[in-house]
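Atoms within a ligand are numbered from 1 in the order they appear, just like the ligands themselves.
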Amino acid sequence: MKKIAIVTGASSGIGKRLAAGMPQQFSLDELWLVARREDRLLALGKELSLPVRTFALDLTKKESIAALKAALEEEKPCVKALVNASGYGIFERFDRTTEEDVAGMTDLNCRALACMMHTVLPYCERGSIIVNIASVAAFQPVPFGAEYAATKAYVLALSRAVNREMKPRGIRVLAVCPYWTKTEFFDRANPQGLITHFDCMYDPAFIAKKALRAMKKKKDYVVPGFVAKATHALTKLLPHSFVMKVFLAQQKLKNK
Ligand SMILES: NC(=O)c1ccc[n+]([C@@H]2O[C@H](COP(=O)([O-])OP(=O)(O)OC[C@H]3O[C@@H](n4cnc5c(N)ncnc54)[C@H](OP(=O)(O)O)[C@@H]3O)[C@@H](O)[C@H]2O)c1
């Protein structure tokens, strides 16, 4: 039986770095790469040392999940790892966010991620792992990133609960909760420059390295980096109303 890993969001940022790390992490026969920009997936495939299959799919569309399901049904592989890194956010006041993005963020960050997990789990075996990219935004409400943060809270809660459920099958689910990370994410999330204060900006390669390391441990979530960990600790200690107040002041968004 063919052993594969599937990485969504493999065309850039954190997903691309995680896809590149898969051949070192597992003994694989094939790597399946998913995102809309196929040229990027093909270019990544050329850099890797194992056969790659690309899926140019928009995961907000239900038929995209159906296409992946059909490919799995045909090949019947063993899925050693699924990485759900496709995702996007919009920093804007909720009532000024377009309806397309209101639906789009939940469709991609929540529905597609959950459906990918559900589609892949029948093909997982003892030792398989699902890695879901959440965010430190999962731990607190974020004004002007309200829906994005809510989708990430969903990802974290879903990942941890399914991880517990899958214990008897020996399958793990790991949520990765990055802080600000220098990727194309901001081209889409912050085109107006509404968010101006970044106390720290991590490299996507660093986030991927920490995630790959956490995959070998028993944790159900990881917060990569010192500043990220400190922020996470503060959001656990302080009332969320205070954390939101500080965030609005830092970003000069109090009266926007
Ligand atoms: N950057 C940060 O500060 C940060 C912090 C915390 C968490 N995160 C999370 O990390 C994950 C990866 O983001 P990133 O920072 O690496 O950003 P990125 O470089 O923009 O990567 C996002 C990936 O998602 C894919 N994608 C977007 N829309 C899609 C769609 N409709 N269907 C399929 N794939 C789609 C993109 O590929 P195509 O455009 O080719 O489809 C791309 O590969 C996201 O879930 C993000 O929320 C990011």
In ligand 1, the atoms that come under 4.0 Å of a heavy atom of Tyr179 are 3 (O), 5 (C)
Salt-bridge test for Glu30 and Lys3: reply yes if a basic N is under 4.0 Å from a carboxylate O, no otherwise. no
Strictly under 4.0 Å, does any heavy atom of Ala134 approach an atom of ligand 1? yes
Tell me: protein heavy atom nearest atom 43 (O) of ligand 1, and distance? Ser11 OG, 2.8 Å
Residue Glu184 vicinity, atoms of ligand 1 by number, heavy atom under 4.0 Å: 19 (O), 20 (O)
Can you tell me if Tyr148 contacts ligand 1 (heavy atom of the residue under 4.0 Å from the ligand)? yes
Atom indices of ligand 1, in the order listed, that fall short of 4.0 Å to a heavy atom of Trp180: 3 (O)
Do Tyr221 and His232 make the cut of ring centroids closer than 6.0 angstrom? yes
Proximal atoms of ligand 1 relative to Gly13 (non-hydrogen, under 4.0 Å): 16 (O), 19 (O)
Closest heavy-atom approach to atom 35 (C) of ligand 1 among Ser86, Ala228, Ala56 is made by Ser86
If the test is side chain to side chain contact (heavy atoms under 4.5 Å, CB included), which one of Leu156, Val222, Val155, Ile207 qualifies with Cys177? Leu156
Which residue holds the protein heavy atom closest to atom 21 (O) of ligand 1, what is that atom called, and what is the gap in Å? Ser12 OG, 3.2 Å
Flag for Asn109-Thr151: side-chain donor and acceptor within less than 3.5 Å: yes
Angle class for the Trp180/Phe186 ring planes (parallel below 30°, perpendicular above 60°, tilted otherwise)? tilted
Does Gly15 reach ligand 1 with a nitrogen or oxygen that is under 3.5 Å from one of the ligand's nitrogen or oxygen atoms? no
Non-hydrogen atom of Arg188 closer than 4.0 Å to ligand 1: yes
Say whether Gly9, considering both its backbone and side-chain N or O atoms, lies within less than 3.5 Å of an N or O atom on ligand 1. yes
Within a distance under 4.0 Å of any heavy atom of Leu108, pick out the atoms of ligand 1 and give their elements. 27 (C), 28 (N), 29 (C), 30 (C), 32 (N)
Answer whether the closest heavy-atom distance between the side chains of Ile171 and Leu121 falls below 4.5 Å. yes
In ligand 1, which numbered atoms sit nearer than 4.0 Å to a non-hydrogen atom of Ile133? 9 (C), 10 (O), 11 (C), 45 (O)
Which of the numbered atoms in ligand 1 are below 4.0 angstrom from a heavy atom of Asp58? 30 (C), 31 (N), 32 (N)
Can you say whether the rings of Phe55 and Trp32 are parallel (under 30°), tilted (30 to 60°) or perpendicular (over 60°)? tilted
Electrostatic pair Lys69-Glu74, nearest N-O below 4.0 angstrom: no
Please write down residue, atom name and distance for the protein heavy atom closest to atom 20 (O) of ligand 1. Phe185 N, 3.2 Å
Residue, atom name and distance, where the atom is the protein heavy atom closest to atom 3 (O) of ligand 1: Thr181 N, 2.8 Å
Are any of the side-chain nitrogens in Glu75 or Arg53 under 4.0 Å away from the carboxylate oxygens of its partner? yes
Are any of the heavy atoms in Leu57 under 4.0 Å away from ligand 1? yes
So which heavy atom in the protein is nearest atom 22 (C) of ligand 1, and how far is it from that ligand atom? Gly87 O, 3.8 Å
Element-labelled atoms of ligand 1 that are located less than 4.0 Å from some non-hydrogen atom of Pro178: 5 (C), 6 (C), 7 (C)
Check whether any heavy atom of Lys16 sits under 4.0 Å from an atom of ligand 1. no
Are side-chain heavy atoms of Ile195 and Phe247 found at a separation under 4.5 Å? yes
How far is atom 45 (O) of ligand 1 from its nearest protein heavy atom, and which residue and atom name does that atom have? Lys152 NZ, 2.9 Å
If the contact criterion is a heavy-atom separation under 4.0 Å, does Thr8 count as touching ligand 1? no
Closest non-hydrogen contact found for Ala112 with Leu59 is CB-O, 3.3 Å
Would you tell me which option among Lys61, Arg17, Arg36 has the nearest heavy-atom contact to atom 39 (O) of ligand 1? Arg36
Between the side chains of Asp58 and Ser64, is a donor N or O closer than 3.5 angstrom to an acceptor N or O? no
N or O contact, Arg37 vs ligand 1, cut-off under 3.5 Å: yes
Any heavy atom of Ala85 sitting closer than 4.0 Å to ligand 1? yes
Side chain to side chain, Glu147 and Thr106, heavy atoms closer than 4.5 Å: yes
Check whether NZ of the Lys or CZ of the Arg Arg93 lies under 6.0 Å from the centre of the six-membered ring of Phe144 and within 45 degrees of that ring's axis. no
Heavy-atom distance to atom 15 (O) of ligand 1: which of Asp39, Leu59, Ile14, Thr183 wins? Thr183
Any salt bridge linking Glu165 with Arg160? Criterion: basic side-chain nitrogen under 4.0 Å from a carboxylate oxygen. no
Could you check whether Thr97 and Glu92, counting side-chain N and O atoms only, form a donor-acceptor pair closer than 3.5 Å? no
